[in-house]
Number of protein chains: 4
Amino acid sequence: MSPRTEEQLIKHKAEKRKVITQAALKLFSEEGFQSTSISKIAKEAGVSKGLIYTYFESKEELLRFLILDTIDEMFGIAEVSLGINPTDESFEKMISDYFDWVQINRAFLQIYFGILMQPSVMKLFEKEIMAKAYNVFERMSVYFKNKGFEDPLSETRFFISILDGIYMNYIMDSENYPLAKAKSRILTMYLK
Amino acid sequence: MSPRTEEQLIKHKAEKRKVITQAALKLFSEEGFQSTSISKIAKEAGVSKGLIYTYFESKEELLRFLILDTIDEMFGIAEVSLGINPTDESFEKMISDYFDWVQINRAFLQIYFGILMQPSVMKLFEKEIMAKAYNVFERMSVYFKNKGFEDPLSETRFFISILDGIYMNYIMDSENYPLAKAKSRILTMYLK
Amino acid sequence: MSPRTEEQLIKHKAEKRKVITQAALKLFSEEGFQSTSISKIAKEAGVSKGLIYTYFESKEELLRFLILDTIDEMFGIAEVSLGINPTDESFEKMISDYFDWVQINRAFLQIYFGILMQPSVMKLFEKEIMAKAYNVFERMSVYFKNKGFEDPLSETRFFISILDGIYMNYIMDSENYPLAKAKSRILTMYLK
Amino acid sequence: MSPRTEEQLIKHKAEKRKVITQAALKLFSEEGFQSTSISKIAKEAGVSKGLIYTYFESKEELLRFLILDTIDEMFGIAEVSLGINPTDESFEKMISDYFDWVQINRAFLQIYFGILMQPSVMKLFEKEIMAKAYNVFERMSVYFKNKGFEDPLSETRFFISILDGIYMNYIMDSENYPLAKAKSRILTMYLK
DNA sequence: GATGAATGAGCGTTCATTCAT
DNA sequence: GATGAATGAACGCTCATTCAT
């Protein structure tokens with residue numbers, strides 16, 4: 001048996017992290033971060049408690065990894081869809097992608113919105129999240145500027161507020177929330 | 001000396017509850033419900049740990065009291081402003097009242113939104129909150145129906161989503177969030 | 001209104017003590033001494049927590065009063081029935097009186113036997129109980145000596161063990177325990 | 001290094017349970033179940049408070065383990081000694097075995113009798129203890145029936161009451177109680 | 001790498017006791 | 001005398017984290 005190559009090791013580590021992260025994601029969304037113990041995560045992931053500390057320095061670091069990893073994906077949607085010269089088509093594409101993404105990532109968003117509301121936990125991410133968020137603000141502002149809005153940044157924040165509000169209400173009451181209608185409504189708002 | 005009269009006791013009890021509730025409100029909003037210990041609340045309120053249990057049966061009951069008490073106020077705004085025959089004026093009044101209320105009750109809203117995102121905590125209030133929320137939905141639907149919307153309930157939920165999204169973003173980034181602009185924007189949306 | 005005479009005060013105090021003691025007796029027998037709080041006793045007795053401390057120095061003193069008061073009665077049965085020259089008639093009378101007494105005082109005996117088994121609680125009474133018990137031993141020994149037993153003290157302790165054993169088993173399983181048979185059995189043992 | 005084998009873990013677990021159980025046995029017998037804190041047990045056993053919860057789910061479960069484990073042994077004496085066809089020899093053997101067992105297991109019996117007197121604690125064991133006790137009743141009844149007693153079950157309960165009474169008095173006053181005499185006295189009673 | 005026994009600080013809660021009224 | 005608000009120590013229990021194996 002030859003020792004694994006460095007590449008294999010990295011891959012192995014990434015896989016293990018994924019297993020643990022997925023278990024944590026599920027539990028955090030059901031019970032909240034504070035109420036979920038490392039023991040429960042270990043059991044859900046099918047590993048020992050101690051092993052979690054081989055892959056993450058602490059419970060907080062596990063949360064950080066979980067959040068930051070997925071946030072890249074989330075904020076990336078705007079980046080990819082809008083590109084440098086955002087058009088109505090790319091704007092519509094972005095909205096569509098977001099609505100799809102949200103439905104797949106309900107558990108994550110539940111944790112994410114919960115964290116946003118807790119300053120003491122938010123401190124763990126504040127810098128990264130705010131940097132990414134303001135980056136997206138700028139990108140979208142270009143679109144709203146092109147569309148002729150007087151205060152494109154405020155419109156951006158207004159637009160994002162609408163999205164956040166929709167997603168939050170959808171998460172809370174997924175069965176009854178008229179998500180499809182909300183989507184077409186927002187499209188109408190901006191694309192006539 | 002004779003003991004205090006019943007009236008004195010009731011007044012005293014209400015005052016003490018207020019002191020404890022205020023301390024809890026502050027800490028819950030900063031740290032979250034689960035991360036705030038009864039010890040911290042007692043210290044913040046300037047009373048002993050044990051005393052809290054003279055006024056509240058448990059930490060959860062304290063949260064319930066805190067939330068349900070203020071939620072009545074919050075949902076009451078729509079009821080009072082809209083009345084039975086909602087007009088554009090009363091609708092505008094309601095929005096204005098909400099924006100005022102939110103700025104005064106940031107700490108509460110922070111806790112409130114946090115709770116909405118945690119199923120395990122939400123269980124404590126689900127029934128009451130949902131009942132009140134659906135009540136407000138109906139009331140607002142009347143307005144949107146009068147305004148000619150084809151699907152007034154969906155519009156209500158869309159409108160409330162916008163408000164929630166605005167407040168959530170405001171709470172997260174109060175210093176930079178363009179709250180006044182968001183307010184005039186939403187007014188324009190519905191009142192021309 | 002003239003102030004009460006000293007006699008009235010003493011009577012009043014005795015009555016209040018009785019009320020509290022009766023409440024405590026009931027609760028101690030159901031839940032045990034340690035698991036019964038002063039609050040519960042106060043509620044059961046229909047008085048305030050504070051008042052209990054007007055009549056008893058501490059929870060332990062309340063227990064002491066409860067036990068020692070009734071123990072006098074219990075040990076007194078032997079004294080009264082046997083007299084100085086115990087006969088078969090007085091011995092039979094004593095047994096009969098004890099069996100009657102036990103059925104009325106089940107709650108007390110439950111507490112009493114429980115206490116006997118806890119050295120740390122027993123310390124509160126050890127001196128008094130042991131003094132009274134050894135006093136009864138001597139008195140009964142006279143009877144067994146008269147009956148011709150070689151070792152009257154051992155027989156006394158054996159006889160008392162039988163009574164204790166019967167009462168303990170009766171208390172544990174009152175519905176099914178054949179108390180009447182046990183009584184006639186012990187009478188047969190000693191009176192042929 | 002690889003983790004311990006399952007066999008090692010089981011052995012280790014049994015040993016640790018024993019250490020904790022022994023400490024609890026000592027303290028429960030001295031102070032009673034309710035007055036003995038988990039902290040004291042941990043200190044006595046030389047382990048941390050938290051560790052006790054690795055081996056027992058709760059303080060009550062620790063008591064249950066302690067009691068039920070030893071009760072099997074205690075009730076087993078009758079079963080083993082008497083067999084299916086009890087004779088005078090096996091009856092004498094049983095009494096002898098019980099007297100030996102009692103002297104070794106004073107601490108246990110102290111807890112056991114204490115529990116029998118507290119309905120709220122007794123609830124934890126009622127089913128198991130009563131089942132075993134009635135089982136022993138039946139077995140002994142065979143012996144008393146063979147001996148010609150008219151009501152063998154009542155005689156059984158009377159006989160067991162005597163044993164219980166002796167042991168209880170012995171436990172309370174071990175130094176002075178004439179245990180050997182009590183033993184020969186009860187043997188004389190039944191075996192002439 | 002992987003395990004789970006072990007720790008100890010801290011949690012929510014209870015309660016005997018005190019004391020201002 | 002009588003009340004019950006107030007205290008603070010202690011309780012049973014949990015849990016993030018460490019470490020011998």
Side-chain angles (χ1 to χ4, degrees), chain A residues 4 9 12-13 16 34-43 46-62, chain B residues 1-6 8-9 12-13 15-16 34-42 46-62, chain C residues 4 9 12-13 16 34-43 46-62, chain D residues 1-6 8-9 12-13 15-16 34-42 46-62:
Chain A
R4 281 183 269 201
L9 283 174
H12 180 247
K13 183 164 182 177
K16 277 280 174 178
Q34 286 89 341
S35 301
T36 303
S37 66
I38 292 285
S39 288
K40 280 189 214 151
I41 298 171
K43 190 169 286 179
V47 301
S48 72
K49 251 187 303 180
L51 194 66
I52 292 179
Y53 286 87
T54 308
Y55 293 101
F56 300 97
E57 278 190 358
S58 67
K59 196 185 166 190
E60 293 195 343
E61 217 247 313
L62 166 54
Chain B
M1 286 296 133
S2 45
R4 285 183 263 202
T5 64
E6 200 176 336
Q8 282 174 319
L9 284 174
H12 178 87
K13 184 163 184 173
E15 282 166 0
K16 275 283 164 161
Q34 347 246 15
S35 299
T36 303
S37 68
I38 290 286
S39 290
K40 281 187 211 153
I41 297 170
V47 300
S48 69
K49 239 190 314 177
L51 193 66
I52 292 178
Y53 290 87
T54 305
Y55 296 100
F56 300 96
E57 280 192 355
S58 66
K59 196 186 169 190
E60 291 192 348
E61 217 246 312
L62 167 53
Chain C
R4 279 183 271 200
L9 283 173
H12 180 246
K13 184 165 181 176
K16 276 279 174 179
Q34 285 89 341
S35 299
T36 303
S37 67
I38 290 286
S39 289
K40 279 189 213 151
I41 297 171
K43 190 169 285 180
V47 302
S48 72
K49 248 187 307 179
L51 194 66
I52 291 179
Y53 286 86
T54 307
Y55 294 102
F56 300 97
E57 277 190 357
S58 68
K59 195 185 168 191
E60 293 195 342
E61 218 247 312
L62 166 55
Chain D
M1 287 294 136
S2 46
R4 284 182 263 203
T5 64
E6 200 177 337
Q8 282 174 319
L9 284 173
H12 178 87
K13 185 163 184 172
E15 281 166 0
K16 275 283 165 162
Q34 347 248 12
S35 299
T36 303
S37 68
I38 290 287
S39 291
K40 281 187 211 155
I41 297 171
V47 302
S48 70
K49 239 188 317 178
L51 192 66
I52 291 179
Y53 290 88
T54 305
Y55 295 100
F56 299 96
E57 280 192 354
S58 65
K59 196 187 167 190
E60 292 193 346
E61 218 245 313
L62 168 53

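Letters A, B, ... are given to chains in the order of the sequence lines, protein chains preceding strands, and every chain is numbered from 1.
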Measure from NZ on Lys40(B) to P on dC11(E) and round the result to the nearest Å.
6 Å
OP1 or OP2 of dA6(E) less than 4.0 angstrom from a side-chain nitrogen or oxygen of Tyr55(D), does that happen here?
yes
Ring-plane angle category for Tyr55(B) and His12(B), please: parallel below 30°, perpendicular beyond 60°, tilted otherwise.
tilted
Mind listing the closest non-hydrogen atom pair of Glu61(C) and Phe56(C) along with its distance?
OE1-CA, 3.5 Å
Output yes when at least one side-chain N/O atom of His12(B) is less than 4.0 Å from OP1 or OP2 of dA6(F), else no.
yes
For dC11(F), does either OP1 or OP2 sit under 4.0 Å from a side-chain N or O belonging to Ser37(D)?
yes
With both distances kept under 3.5 Å, what pairs with dT21(E), Watson-Crick or G-U wobble?
dA2(F)
5' precedence on DNA chain E between Thr54(A) and Thr54(D) (nearest-nucleotide basis):
Thr54(A)
Can you check the Ile41(B) CD1 to dT13(E) P distance for me, whole Å?
10 Å
Measure from NZ on Lys43(A) to P on dT3(E) and round the result to the nearest Å.
14 Å
Would you indicate what Leu51(C) reaches in the nucleic acid, counting non-hydrogen atoms under 4.0 angstrom: base, sugar-phosphate, or nothing?
base
Apply side chain to side chain contact (heavy atoms under 4.5 Å, CB included) to the pair Val47(B) and Lys16(B), showing each step before the final yes or no.
CA-CA 10 Å; Val47(B) 300; Lys16(B) 275 283 164 161; 3.9 Å; yes
Whole-Å distance between dA10(F) C1' and Gln34(C) CD?
15 Å
Looking only at heavy atoms, which two atoms of Lys40(C) and Ser35(C) are closest? And how far apart?
NZ-O, 3.1 Å
Between P of dT14(E) and CD1 of Ile52(B), the distance in whole Å
13 Å
Looking at Tyr53(A), does any N or O in its side chain come under 4.0 Å of the phosphate oxygens OP1/OP2 on dT17(F)?
yes
Heavy atoms under 4.0 Å, any strand shown: does Ser35(A) hit a base, just sugar-phosphate, or nothing?
nothing
Return the minimal non-hydrogen interatomic distance between Ile38(D) and Lys49(D), and the atom names on each side.
CG2-CG, 4.0 Å
Between Glu61(A) (CD) and dT17(F) (C1'), how many Å, whole number?
14 Å
Please give, in whole Å, the distance from dA5(F) C1' to Phe56(B) CZ?
15 Å
Would you say a side-chain N or O of Lys16(B) is under 4.0 Å from OP1 or OP2 of dA6(F)?
yes
Scanning both residues in full, the closest heavy-atom pair of Gln34(D) with Gln34(C) reads CB-CB, 3.7 Å
At less than 4.0 Å, is any side-chain N or O atom of Lys59(D) found next to OP1 or OP2 of dG12(F)? Yes or no.
yes
Please work out if Leu9(B) contacts a base, only the sugar-phosphate, or nothing of the nucleic acid, heavy-atom cut-off 4.0 Å.
sugar-phosphate
Let me know, please, whether Glu57(C) or Gly50(A) comes out on the 5' side of the other along DNA chain E by nearest nucleotide.
Gly50(A)
Can you find a donor-acceptor pair, distance only, under 3.5 Å between Lys49(D) side chain and dG10(E) base?
yes
Counting only Watson-Crick pairs (N1-N3 plus N6-O4 or O6-N4) and G-U wobbles (N1-O2, O6-N3), all under 3.5 Å, who is the partner of dG10(E)?
dC13(F)
